[in-house]
Amino acid sequence: MPGLRLLAPAAARAVRLAHDLFHELNRQLAKAPAEAPLRTRISVSPGRKAMIAVRVLLARQGKTQTSHIMEGRH
């Protein structure tokens, strides 16, 4: 997301967090059967939200030190 560099640091982190949370939600929706949202609530678990938030808050310009955890390589 190259445009993030144009934002103030706090705003860039907030946008990145929102982006990453919606990305995770979309990932879960893609795995669910088509009728699942009609029967049940699909959401990002509190633990997963916390991991995403920590990753965003600790992030630098490039790869983060915690990205391997989020990618399942721990």
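Note that the coordinates shown come from a computational prediction; the quantities given were computed from them, not determined experimentally. Because only heavy atoms are used, hydrogens play no part in the values below, and waters and symmetry mates are left out as well, while side chains stay in. For the single chain, residues carry numbers from 1 onward in sequence order.
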Output a table of donor-acceptor pairs, distance under 3.5 Å, between side-chain atoms of residues 15-23 and any protein atom two or more places apart or on a different chain; print 'none' if there are none.
| from | atom 1 | to | atom 2 | distance (Å) |
| --- | --- | --- | --- | --- |
| R16 | NH1 | D20 | OD1 | 3.3 |
| D20 | OD2 | R55 | NH2 | 2.1 |

Indicate every side-chain donor-acceptor pair of residues 28-38 with a distance under 3.5 Å to a residue at least two apart or in another chain.
| from | atom 1 | to | atom 2 | distance (Å) |
| --- | --- | --- | --- | --- |
| Q28 | NE2 | E24 | OE2 | 3.2 |
| E35 | OE2 | R39 | NH2 | 3.4 |

How far does CD1 of I42 sit from CG of N26, to the nearest 0.5 angstrom? 10.5 Å

Can you tell me how far CZ of R48 sits from OG of S43, rounded to the nearest 0.5 angstrom? 13.0 Å

Going by side-chain hydrogen bond (donor to acceptor under 3.5 Å, both in side chains), name the residues that satisfy it together with R41, two or more places apart in sequence or in a different chain. none

